[in-house]
2 protein chains.
Amino acid sequence: MKRTRPFKRKPKRSEPKHREPEVVDPRNIDDDPVVQGILTAISQKRLKPGAKLGEDKLAAAFGTTRIHIRQALSHLASRKAVMQIPNRGAFVYRPSWEEAQDIFAARRIIETAAVSAAVDRLDKAGKAELKAHMEREARHDRNDRWASLSLTAEFHILVAKLAGNRVLLEISRELMLRTSLAIATFEQPGEPDCSPDAHPDIGALILARNKAGAIHAMHHHIEEMEQRIRPKKGEDEVDELTAIFQEIGARARAGG
Amino acid sequence: MKRTRPFKRKPKRSEPKHREPEVVDPRNIDDDPVVQGILTAISQKRLKPGAKLGEDKLAAAFGTTRIHIRQALSHLASRKAVMQIPNRGAFVYRPSWEEAQDIFAARRIIETAAVSAAVDRLDKAGKAELKAHMEREARHDRNDRWASLSLTAEFHILVAKLAGNRVLLEISRELMLRTSLAIATFEQPGEPDCSPDAHPDIGALILARNKAGAIHAMHHHIEEMEQRIRPKKGEDEVDELTAIFQEIGARARAGG
DNA sequence: ATTGTACATATTGTAGACATAAATGCCATG
DNA sequence: CATGGCATTTATGTCTACAATATGTACAAT
């Protein structure tokens, strides 16, 4: 070493100047490969609602440590993609029947508004994007279930993107994911998520700048999706039990 | 001990039966006192956008360890209440000007829909709640800034609650918080967040079941809020710099 | 046969220590 | 007087080990 300082000049640092963060790239946890992986697995329905997400197994699968897994899981929990239970672990989120209905209702509100804005703002680039997507969706292999699921989701995301509101886009993304969980929980086996003809119709109406028509078509489309799910009998029994126990628990907390 | 078992009967466990979680209380990270504390501090504008949230300081302030703080911060980051920057720490989120506008636009869409649903579903209990809130808001101490802020936020939350859609309610909560960050970032000093007469008007229209009128009033109210904020000159310069540096960074990454 | 108890195991939660990166202050140099 | 390098300090990121909790199995008791 060149020189040791014999003593500290200013032992107490002068009030650390709080420089606010200006020119930096904020970390985006959504780019985390673990988060991405779990999300795509869920939206492709390879992970079913209620499936256990063990930390060790995930760590081994993704080749990282438990810390990253924990961070990813807690992020997914705050987006209601997984449910965390103390000392038991993380599970793929399973919405209740009421929540499923609320999700569809929220989507009706938000996506009809998105369609409206998309029609208003439609420009050349937007038209091109929309046409490109519609072509891809028209001639994709319908037997490839995973591709179908991805494409149908992308259509709704694309409409939200064309609306030009990033906040609404984030919300739509989240609702899309929760929709696929709702469908996975309550679907009748074998039916597709979206009816195959709805997207071309909506797309064409947007391209034609038929605002009222497009809004109506989107509303109807989401309504149709909702009508494909049914509350499961077994679920109702469980919900009944849950309600009973919750009431008991509440009484216990209140009474003493 | 009573007896030691000489050997294991089944050394390999028979495929752990996956019991799905049914009757359990999922952890709600929102109940965490750290999360609560930071959120209320933000919505009361005691923490300003850009303020640094050091882990050690928070741990000391809340009397807990860094682990809990980290969890809370990462949760808040995924709700866009704080921004995390690698190796620098967490800061109270500061929305961009575009984001602020998008937030208000999203609120116009969602809260007008909420008002509409609230009018449809209004029952005795709802009327009572609404009246009770309006009275509290009418005769609160206008000099108590924190109480005012809480009350005005509660009105919007109450309307979302009356709409009877929990998903929409969560979204509204999140947008409320982000609104207060947007206002804190771009407000003209000294002006209140909400105009004082708007809430009684909207409440009266809901009580009168005047759906169209209530929707229009809510729309106008949010528009008015939005018109109180202005892009800051300094911010624009910074944004310009940010854009430049981001471009440079992207070029560097692309070029090698 | 079914229920209750105790131990074994697996998994999650937590704490502390260590590694690493950014920010600050000091000092030399132009 | 301003600027740039160097060392120190502070703060964050990560790992490892241990503790706490729940689950599963075997066995005893009714």
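Since the model is a prediction, treat every value here as computed from it, not as a measurement. To find a chain, count down the sequence lines: A is the first, B the second, and so on, and within it residues start at 1.
- Here the side chain of Lys48(B) pairs no donor or acceptor atom with the backbone of Val92(B) at under 3.5 angstrom.
- When Arg228(B), Arg230(B), Lys45(B) are each tested for a salt bridge (charged side-chain N to carboxylate O under 4.0 Å, His left out) with Glu187(B), only one passes: Lys45(B).
- Spacing between atom CG of Asn87(A) and atom C1' of dT21(D) amounts to 5 Å, rounded to whole angstrom units.
- Across all non-hydrogen atoms, the minimal contact from Val82(B) to Ala90(B) is CG2-CB, 4.4 Å.
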Within the sub-3.5 Å range, which N or O atoms of nucleotides 15-17 of chain C have a protein N or O partner, and how far apart are they?
from, atom 1, to, atom 2, distance (Å)
dA15(C), OP2, Thr65(B), OG1, 2.8

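- Pairs of residues two or more places apart, or lying in two chains, that qualify as salt bridge (charged side-chain N to carboxylate O under 4.0 Å, His left out) and include a residue from residues 62-74 of chain B are Glu55(B)-Arg66(B), Glu55(B)-Arg70(B).
- In the helix from dA1(C)-dT30(D) to dG30(C)-dC1(D), the end axes, each obtained as the rotation axis mapping the C1' atoms of four pairs onto the next four within a five-pair block, lie 20° apart to the nearest 10 degrees.
- Atom pair Leu58(B):CG and dT12(D):C1' shows a separation of 13 Å (rounding to whole Å applied).
- The distance from atom CZ of Arg70(B) to atom C1' of dT14(C) is 14 Å, rounded to the nearest whole Å.
- Listed nucleotides dG13(D), dA11(D), dT11(C) differ in distance to Glu55(B); the shortest reach to its side chain belongs to dG13(D).
- Legend: residues meeting side chain to side chain donor-acceptor pair (under 3.5 Å) with Arg46(A), ordered by chain and number and at least two apart, are Gln44(A).
- When all heavy atoms of Ala106(A) and Val167(B) are compared, the pair lying nearest together is CB-CG1, 4.1 Å.
- We find that NZ of Lys52(A) is positioned 6 Å from C1' of dT11(C), with the value rounded to whole Å.
- Evaluation of the side-chain hydrogen bond (donor to acceptor under 3.5 Å, both in side chains) test over residues 162-174 of chain A, restricted to residues two or more places apart or in two chains, returns Glu170(A)-Arg178(B).
- At whole-Å resolution of the value, CZ in Arg88(A) and C1' in dG24(D) are 13 Å apart.
- Protein atom CG of Asp56(B) is 6 Å distant from nucleotide atom P of dT12(D), rounded to whole Å.
- Distance, Leu73(A) CG to dT11(C) P: 14 Å, rounded to whole Å.
- Residue Asp32(A) comes nearest to Val34(A) through the heavy atom pair OD1-N, 2.6 Å, listed as atom of the first residue, atom of the second, then distance.
- In terms of the ring-ring contact (aromatic ring centres under 6.0 Å, His included) criterion, residue partners of His133(B) (sequence neighbours excluded) are, by chain and number, Phe155(B).
- Atom pair Ile69(B):CD1 and dA11(D):P shows a separation of 14 Å (rounding to whole Å applied).
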